[in-house]
Amino acid sequence: MKLTQYFFPTLRDDPQEAQIVSHKLMLRGGFITQSSSGIYSWLPMGLKVLNKISDIIREEQNKVGHIEVLMPTIQSSDLWRESGRYEDYGKEMLRFTDRHDREMLYGPTNEELITDIFRTFIKSYKHIPLTLYQIQWKFRDEIRPRFGVMRGREFLMKDGYSFDLDMEGAKKSYKAHYEAYLRTFKRMGLTAIPVKADSGAIGGDMSHEFQILAQTGESTLYYDSEIENLNGQDLDIDKLQSLYAAAEEKHDPSICPVPADKLKVAKGIEVGHIFYFGTKYSDPFGATVMGSDGEPVTVHMGSYGIGVSRLVAAIIEASHDDNGIIWPEAVAPFKVGLVNLKPSDETTSALCEKFYVSALAKGIEILYDDRDERAGVKFADMDLIGLPFQVIIGPKGAATGRVEIKIRKTGERQDLSFEDALKLF
RNA sequence: CGGGGUGUAGCGCAGCCUGGUAGCGCGCCUGCUUUGGGAGCAGGAUGCCGGAGGUUCAAAUCCUCUCUCCCCGACCA
């Protein structure tokens with residue numbers, strides 16, 4: 001993509017409404033723009049990141065056999081009355097009526113709908129276990145939206161729902177999600193800490209939140225400092241699972257097995273939440289399947305969420321410096337940013353064009369800054385939007401066919417021949 | 001929902017107290033000079049001063065109502 005032909009509305013100043021770094025950088029980098037409180041438009045670069053995150057989630061879900069569906073955002077109140085949540089869910093649920101005065105709502109979650117689909121079509125134990133998931137916009141009318149897409153009212157969420165014959169099966173589904181989630185976050189360059197969480201009415205150990213450590217996080221975590229040593233290495237799920245980690249509401253100092261000097265307290269951003277809730281919905285909905293003995297069995301369910309749009313902000317919180325965002329390669333809107341330091345210089349522009357075309361031919365996602373701007377502007381914008389690699393070509397290098405590579409994360413620079421530079425990607 | 005703030009050009013802000021018909025920086029447009037870390041000079045465009053009502057000869061400015069957005073507390077991916 002050439003910048004002169006792209007939609008790239010960066011800002012030099014921090015908009016005053018932004019408080020935390022991810023929000024500031026997302027606005028300044030032209031990733032999002034606010035439409036109303038807690039509701040955002042995703043601009044081209046932001047959308048690219050959002051889609052990359054969605055794709056990773058999708059791949060990891062599909063890999064473990066979960067099936068994607070897409071349910072409506074607008075739901076009728078009927079099913080919610082059936083589960084009793086129409087009354088229980090407070091003002092967070094956006095309700096309205098259609099032209100026939102029927103009560104409708106914009107879904108904050110989809111347990112009712114998915115259970116309804118399940119009971120309609122699945123009648124035999126032979127067709128489960130089954131996990132259906134979707135990546136879909138949700139709306140929760142938060143009392144106080146804040147921090148940009150971190151706590152928006154409209155947000156993109158991956159929500160999955162498992163159906164099993166019994167609790168043992170449900171535990172397996174739960175474990176599959178637990179592991180898939182860890183792999184998913186790891187692929188995004190994040191170290192997610194699974195912490196025991198409040199599972200609501202059901203209780204037990206079957207609820208975990210996945211937290212990203214960040215000073216601006218809204219959750220407080222207590223965990224064994226040993227967990228920090230697991231960073232970066234190959235995922236050792238058994239080890240991770242054996243270590244203590246709990247959300248504030250589940251942490252009881254009197255029974256905590258971790259000695260005080262090894263116990264860490266930190267802030268985290270909740271990017272995922274999984275829980276098992278048994279027959280909470282299948283019971284009132286009559287979601288049963290015929291067992292092998294010919295007796296109907298009420299299915300055991302779990303639900304599993306990932307905050308997709310929140311992840312965009314969470315990744316930035318976890319990966320940035322004073323100059324801007326540092327995208328992990330897997331979610332970067334482009335892999336390479338090509339900076340033409342002097343578009344008016346023919347040799348320079350010719351070399352840039354050649355690099356651009358060669359990169360495209362290799363299937364490299366490249367953003368070419370061909371604007372007639374000063375070098376400083378381009379460097380600043382490139383650092384701001386945080387592409388992993390910068391290829392810088394100016395008149396001096398171009399004269400001898402040399403290009404400069406800058407690694408955004410480390411700031412490290414290398415002077416390379418055109419061919420060697422291209423080979424890097 | 002309670003408490004506090006805010007709204008003036010695309011962004012950041014001044015002007016409001018003490019009414020006289022809107023300004024600064026950045027950005028944007030034109031030209032020239034510049035050109036390896038957010039350029040210089042010269043010219044130019046852009047505003048229902050959040051909205052409605054009122055006071056007044058005259059309102060961005062004073063009064064009333066209303067809306068928006070942000071911050072501090074209880075819910076959540």
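The chains referred to below are lettered A, B, ... by the order of the sequence lines, with proteins before strands, and numbering in each begins at 1.
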Undergrad: Determine, for A/Lys171 against A/Asp166, whether the closest basic-nitrogen to carboxylate-oxygen distance falls under 4.0 angstrom.
TA: no

Undergrad: Taking 4.0 angstrom as the limit, do A/Arg146 and A/Glu17 come out as a salt bridge?
TA: no

Undergrad: Protein within reach of the bases, or only the backbone? For nucleotides 43-52 of chain B, mark each nucleotide 5' to 3' as B, S or -, using heavy atoms under 4.0 Å.
TA: ----------

Undergrad: Do the two ring centres, one from A/Phe210 and one from A/His273, sit under 6.0 Å apart?
TA: no

Undergrad: Could you list the residues that satisfy side chain to side chain donor-acceptor pair (under 3.5 Å) with A/His251, not counting sequence neighbours?
TA: A/Tyr244

Undergrad: Please enumerate all residues that pass side chain to side chain donor-acceptor pair (under 3.5 Å) together with A/Ser37, with sequence neighbours excluded.
TA: none

Undergrad: Would you say a side-chain N or O of A/Arg374 is under 4.0 Å from OP1 or OP2 of B/A39?
TA: yes

Undergrad: Tell me which nucleotide, if any, is Watson-Crick or G-U wobble paired with B/C24 when both distances must be under 3.5 Å.
TA: B/G12

Undergrad: Would you indicate what A/Val377 reaches in the nucleic acid, counting non-hydrogen atoms under 4.0 angstrom: base, sugar-phosphate, or nothing?
TA: base

Undergrad: Tell which nucleotide pairs with B/C17, taking only Watson-Crick or G-U wobble pairs whose two distances are both under 3.5 angstrom.
TA: none

Undergrad: Would the base of B/C75 count as contacting A/Arg151 through its side chain, where contact means a donor and an acceptor less than 3.5 Å apart?
TA: yes

Undergrad: Atom CZ of A/Arg371 to atom C1' of B/G38: distance rounded to whole Å?
TA: 10 Å

Undergrad: Looking at residues at least two apart in the chain, or sitting in another chain, which of them share a side chain to side chain contact (heavy atoms under 4.5 Å, CB included) with A/Glu317?
TA: A/Ile20, A/Val21, A/Ser22, A/Met150, A/Ala214, A/Thr216, A/Ile269

Undergrad: Please classify the nucleic acid contact of A/Glu218 as base, sugar-phosphate, or nothing, using heavy-atom distances under 4.0 Å.
TA: nothing

Undergrad: From C-beta outward on A/Ile143, which listed nucleotide comes closest to its side chain: B/A77, B/U34, B/C1?
TA: B/C1

Undergrad: In whole angstrom, give me the gap between the P atoms of B/A45 and B/C29.
TA: 15 Å

Undergrad: Please name all residues satisfying side chain to side chain contact (heavy atoms under 4.5 Å, CB included) with A/Asp14, sequence neighbours left out, ordered by chain then number.
TA: A/Lys24, A/Arg28

Undergrad: Would you classify A/Asp345 as touching base, sugar-phosphate or nothing, given that sugar-phosphate means primed atoms plus P, OP1 and OP2, and contacts are heavy atoms under 4.0 Å?
TA: nothing

Undergrad: Heavy atoms within less than 4.0 Å of RNA chain B: which residues of residues 300-337 of chain A have one? Give them sorted by number.
TA: A/Gly307, A/Arg310

Undergrad: For A/Ser83 and A/Glu112, test the side chains for any donor-to-acceptor distance below 3.5 angstrom and give the result as yes or no.
TA: yes

Undergrad: Check for me whether the distance between the ring centres of A/Trp42 and A/Phe155 falls short of 6.0 Å.
TA: no

Undergrad: Below 3.5 Å, does any donor atom in the side chain of A/Arg146 face an acceptor in the base of B/G73, or the other way round?
TA: no

Undergrad: Does A/Arg95 qualify as a cation-pi partner of A/Tyr86, given the criterion of NZ or CZ under 6.0 Å from the six-membered ring centre and within 45 degrees of its axis?
TA: yes

Undergrad: Could you walk me through whether A/Phe425 and A/Phe389 satisfy the ring pair (Phe, Tyr, Trp, His ring centres under 6.0 Å) test, starting with their C-alpha distance in whole Å, then the side-chain angles of each, then the deciding distance to 0.1 Å, before giving a yes or no?
TA: CA-CA 9 Å; A/Phe425 306 114; A/Phe389 302 98; 5.1 Å; yes

Undergrad: Which residue, A/Thr10 or A/Lys342, contacts RNA chain B at a nucleotide closer to its 5' end, judged by nearest heavy atom?
TA: A/Lys342

Undergrad: What's the NE2-P distance between A/His273 and B/C75, to the nearest Å?
TA: 14 Å

Undergrad: Could A/Lys48 and A/Phe334 be counted as a cation-pi pair, given that NZ or CZ must be under 6.0 Å from the ring centre and within 45° of the axis?
TA: yes

Undergrad: Taking atom C1' in both B/A60 and B/C48, what distance in whole Å separates the two?
TA: 12 Å

Undergrad: Whether A/Glu218 and A/Lys267 form a salt bridge (side-chain N of Lys/Arg under 4.0 Å from carboxylate O of Asp/Glu) is what I want to check.
TA: no

Undergrad: Is it true that atom CD of A/Gln215 has more than 12 heavy atoms of other residues, nucleotides or ligands lying nearer than 6.0 Å?
TA: no

Undergrad: A/Gly160 near the nucleic acid: base, sugar-phosphate alone, or nothing, with a heavy-atom cut-off under 4.0 Å?
TA: nothing

Undergrad: Just call it for A/Gly394: base, sugar-phosphate, or nothing, with non-hydrogen atoms closer than 4.0 Å on any strand.
TA: base

Undergrad: Going by centres under 5.5 angstrom and planes under 30 degrees, do the aromatic ring of A/Phe155 and the base ring of B/A77 stack?
TA: yes

Undergrad: Just grab all the side-chain hydrogen bond (donor to acceptor under 3.5 Å, both in side chains) pairs involving residues 367-376 of chain A, residues at least two apart or on different chains.
TA: A/Thr4-A/Asp370, A/Asn340-A/Tyr368, A/Asp369-A/Arg371, A/Arg371-A/Asp381

Undergrad: OP1, OP2 of B/C71 versus side-chain N and O of A/Arg144: anything below 4.0 Å?
TA: yes

Undergrad: Distance check needed: B/A74 P versus A/Asp141 CG, whole Å only.
TA: 19 Å

Undergrad: Roughly how far apart, to the nearest Å, are B/A14 and B/C62 at atom P?
TA: 15 Å

Undergrad: Over how many whole Å does the gap from A/Gln19 atom CD to B/C69 atom C1' extend?
TA: 12 Å

Undergrad: According to the Watson-Crick and G-U wobble definitions, with both distances under 3.5 Å, which nucleotide is paired to B/C62?
TA: B/G54

Undergrad: Just the rounded figure in Å: distance from C1' of B/C71 to NE2 of A/His23.
TA: 13 Å

Undergrad: Could you tell me whether A/Lys91 atom NZ has more than 12 heavy atoms of other residues or ligands within 6.0 Å of it?
TA: no

Undergrad: Should A/Glu60 and A/Arg183 count as an ion pair when the cut-off is N to O under 4.0 Å?
TA: yes

Undergrad: Below 30° counts as parallel, above 60° as perpendicular, anything between as tilted: where do the rings of A/Phe418 and A/Phe355 land?
TA: perpendicular

Undergrad: Near RNA chain B, under 4.0 Å by heavy atom, which residues of residues 399-425 of chain A?
TA: A/Glu404, A/Lys406, A/Arg413

Undergrad: Would you mind reading off the distance between A/Gln211 atom CD and B/C76 atom P, rounded to a whole angstrom?
TA: 14 Å

Undergrad: Under 4.0 Å from any atom of RNA chain B, heavy atoms only: list the residues of residues 65-87 of chain A that qualify, in numerical order.
TA: none

Undergrad: Under a 4.0 Å threshold between the charged nitrogen and the carboxylate oxygen, would A/Glu154 count as salt-bridged to A/Arg140?
TA: no

Undergrad: Look at the rings of A/His177 and A/His66 and say which category their plane angle falls in: under 30° parallel, 30 to 60° tilted, over 60° perpendicular.
TA: parallel

Undergrad: Check nucleotides 5-14 of chain B against the protein and report each pair of N or O atoms closer than 3.5 Å, with its distance, or say if there are none.
TA:
from, atom 1, to, atom 2, distance (Å)
B/G12, OP1, A/Gln16, N, 3.0

Undergrad: Which part of the nucleic acid, if any, lies within contact of A/Glu270, taking any heavy atom under 4.0 Å across all strands shown: a base, the sugar-phosphate backbone alone, or nothing?
TA: sugar-phosphate

Undergrad: What does B/G31 pair with, Watson-Crick or G-U, if both distances are under 3.5 Å?
TA: B/C41

Undergrad: Going by side chain to side chain donor-acceptor pair (under 3.5 Å), name the residues that satisfy it together with A/Gln241, two or more places apart in sequence or in a different chain.
TA: none

Undergrad: Could you check which residues of residues 35-45 of chain A get a heavy atom under 4.0 Å from RNA chain B? Sort them by number, please.
TA: A/Ser36, A/Ser37

Undergrad: Rounding to an integer number of Å, can you tell me how far A/Glu142 CD sits from B/C71 P?
TA: 13 Å

Undergrad: Salt bridge check: are A/Asp283 and A/Lys280 linked by an N-O gap of less than 4.0 Å?
TA: no

Undergrad: Nearest whole Å is fine: how far is B/G38 C1' from A/Phe8 CZ?
TA: 13 Å

Undergrad: For A/Ala380, answer base if it contacts any base atom (sugar-phosphate contacts may also be present), sugar-phosphate if it contacts only those atoms, and nothing otherwise; contact means non-hydrogen atoms under 4.0 Å.
TA: base

